[in-house]
There are 2 protein chains.
Amino acid sequence: MGMGRPRAFDADAALDRAMDVFWRHGYEGATIAQLTEAMSINPPSLYAAFGSKEGLLKAALDRYTEKRDAWMDRVLNAATAHEVAERFLMEHADAQTDPANPPGCLLVQGGLACGTGSANVPFELAARRTRTEDQLRERFVRAKAEHDLGESVDPATLARYLSAVTSGMCVMASSGANRETLREIAAVSLKAFEEQTKG
Amino acid sequence: MGMGRPRAFDADAALDRAMDVFWRHGYEGATIAQLTEAMSINPPSLYAAFGSKEGLLKAALDRYTEKRDAWMDRVLNAATAHEVAERFLMEHADAQTDPANPPGCLLVQGGLACGTGSANVPFELAARRTRTEDQLRERFVRAKAEHDLGESVDPATLARYLSAVTSGMCVMASSGANRETLREIAAVSLKAFEEQTKG
DNA sequence: CCACATTTGTAGCGAACACTACAGATATCT
DNA sequence: AGATATCTGTAGTGTTCGCTACAAATGTGG
């Protein structure tokens with residue numbers, strides 16, 4: 001028996017286009033019409049490949065997380081906790097103002113508060129944000145074991161702080177903050193990080 | 001000539017209810033049906049009083065800003081810049097986890113990225129956030145004039161930093177961060193503030 | 001070449017959306 | 001009291017939403 005007509009579009013390329021639409025308009029603000037146009041496919045192709053609008057979001061988030069993990073690996077491989085924090089903050093400032101993408105971060109702009117029909121979208125986004133925070137925390141736990149960070153330092157607090165600052169930078173970026181402004185915020189935050197690791 | 005049938009509902013009380021819905025579901029996630037039910041009125045009353053869904057949001061934001069200004073006055077009246085920062089951060093942690101309101105802040109949860117039909121909603125929210133930042137900056141300019149802050153300190157940077165942190169706390173609050181967690185973040189941020197004002 | 005499995009484009013589905021026409025109700029002003 | 005002006009509730013309006021039925025198209029395996 002046959003294997004059916006092959007798909008005529010590249011799923012990953014289409015997800016990149018969908019990512020951009022969700023990023024720019026949020027989950028609820030993005031319409032199927034906009035998504036299909038950006039992806040250069042028709043609705044039946046979208047639904048055959050991804051099941052639903054929410055399924056498409058999850059697939060886009062998977063792809064987003066994939067890229068983000070590769071980036072996080074490079075950040076976490078820095079020699080010291082301080083350098084991890086510095087890279088994390090500074091490269092966030094750059095990424096959130098990269099003209100190749102909409103401002104901010106998909107995991108924040110995607111939607112913090114949604115309607116009753118999309119109630120689990122914010123959860124989905126939050127789970128992916130938590131993942132970054134977990135990766136940071138584990139890196140700081142390791143730094144503690146390596147005596148790169150002192151005994152009195154709480155890795156969870158450090159990770160949460162960095163996560164909060166970068167989330168805040170997303171909000172600023174969405175209202176037009178430029179790269180220099182975000183770097184300034186990152187620089188101040190880095191001093192807080194240093195101060196926190198001294199105590 | 002007569003002056004017409006008087007309004008049978010309290011506009012401010014209705015706005016408080018609407019505020020809660022926008023806060024919990026975001027602008028686009030909030031439906032007219034949910035809003036009218038929460039406000040205990042029918043659609044024609046809503047449209048007669050506020051013109052449109054976006055008009056209702058603006059009216060709710062005006063009321064929100066009113067309350068926020070009263071709160072900011074108390075914060076800004078603190079004796080020193082340091083105390084201003086401390087109050088601002090800590091009371092934000094409390095306010096964003098106040099069980100009387102949805103988590104976070106209406107100016108962030110309301111919507112960072114919206115659909116093409118609601119494109120100016122994010123601008124409207126951003127403008128109100130900027131107002132808070134401006135108030136902080138002006139307070140720090142004053143602190144500088146009073147020699148409470150050193151000559152080398154940049155009031156704009158300080159204000160932006162505090163604004164970014166509290167925005168980040170909104171994101172954390174929306175994904176379930178509790179009061180203690182936010183206070184922890186506020187405490188770390190306050191150390192950054194101190195460090196920044198020393199340099 | 002034929003049977004089969006899957007995708008594609010067209011066209012349109014029911015539901016929910018923001019919003020409103022209309023008539024009755026309720027106030028004020030003369 | 002009567003005329004007027006505005007609000008209220010019912011019951012919708014047209015539009016857009018996410019999603020899909022269907023038939024033609026296009027590949028594989030026998």
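Small disclaimer: the values here were computed from a predicted structure and weren't measured.
- Side-chain N or O atoms of A:Lys191 include none that pairs as donor or acceptor with a backbone N or O of B:Gln196 at under 3.5 Å.
- Side chain of B:Gln109 to main chain of B:Ser174: no donor-acceptor pair is present (N/O by atom type, distance under 3.5 Å, no hydrogens or angles).
- Contacts of residues 109-118 of chain A with DNA chain D (heavy atom under 4.0 Å): none.
- The nearest whole Å value for the distance from the NZ atom in B:Lys53 to the P atom in C:dC19 is 8 Å.
- Panel note: side chain A:Arg17, backbone A:Ala38; a donor-acceptor pair is recorded below 3.5 Å.
- Aromatic pair A:Tyr64/A:Phe22: ring centres not closer than 6.0 Å.
- Side chains of B:Asn120 and B:Glu54: a donor on one and an acceptor on the other come within 3.5 Å.
- B:Leu57 has its CG atom 15 Å from the C1' atom of C:dA18, to the nearest Å.
- The aromatic rings of B:Trp71 and B:Phe88 sit tilted, their planes meeting at an angle between 30° and 60°.
- Within the structure, every side-chain polar atom (N or O) of A:Ser45 is placed at least 4.0 Å from both OP1 and OP2 of C:dT7.
- Computed from coordinates, the A:Met3 CE to C:dC4 P distance equals 17 Å when rounded to whole Å.
- The backbone N or O of B:Tyr27 lies less than 3.5 Å from a partner atom in the side chain of B:Lys53, making a donor-acceptor pair.
- Rounded to whole angstrom, the span from the CZ atom of A:Arg7 across to the C1' atom of D:dT28 amounts to 17 Å.
- Of the residues in residues 8-17 of chain B, those lying under 4.0 Å from DNA chain D by heavy-atom distance are B:Ala8, B:Phe9.
- Listed for the B:Ser163 side chain is no donor-acceptor partner under 3.5 Å among the backbone atoms of B:Ala159.
- Between the B:Arg139 side chain and the B:Leu76 main chain, a donor and an acceptor come within less than 3.5 Å of each other.
- A:Val121 and B:Trp23 fall into different hydrophobic clusters, where Ile, Leu, Val, Met, Phe, Trp and Tyr side chains are chained together by heavy-atom contacts under 4.5 Å.
- A:Asn178 and A:Thr181 are linked by a side-chain donor-acceptor pair at a separation below 3.5 angstrom, with hydrogens and angles left out of the test.
- For B:Tyr47 and C:dC19, the shortest distance from a side-chain N or O to OP1 or OP2 is below 4.0 Å.
- Not a single donor-acceptor contact under 3.5 angstrom links the side-chain atoms of B:Arg5 to the base of D:dA5.
- For the segment residues 30-44 of chain A, the set of residues with a heavy atom within less than 4.0 Å of an atom of DNA chain D comprises A:Ala30, A:Thr31, A:Ile32, A:Pro43, A:Pro44, in numerical order.
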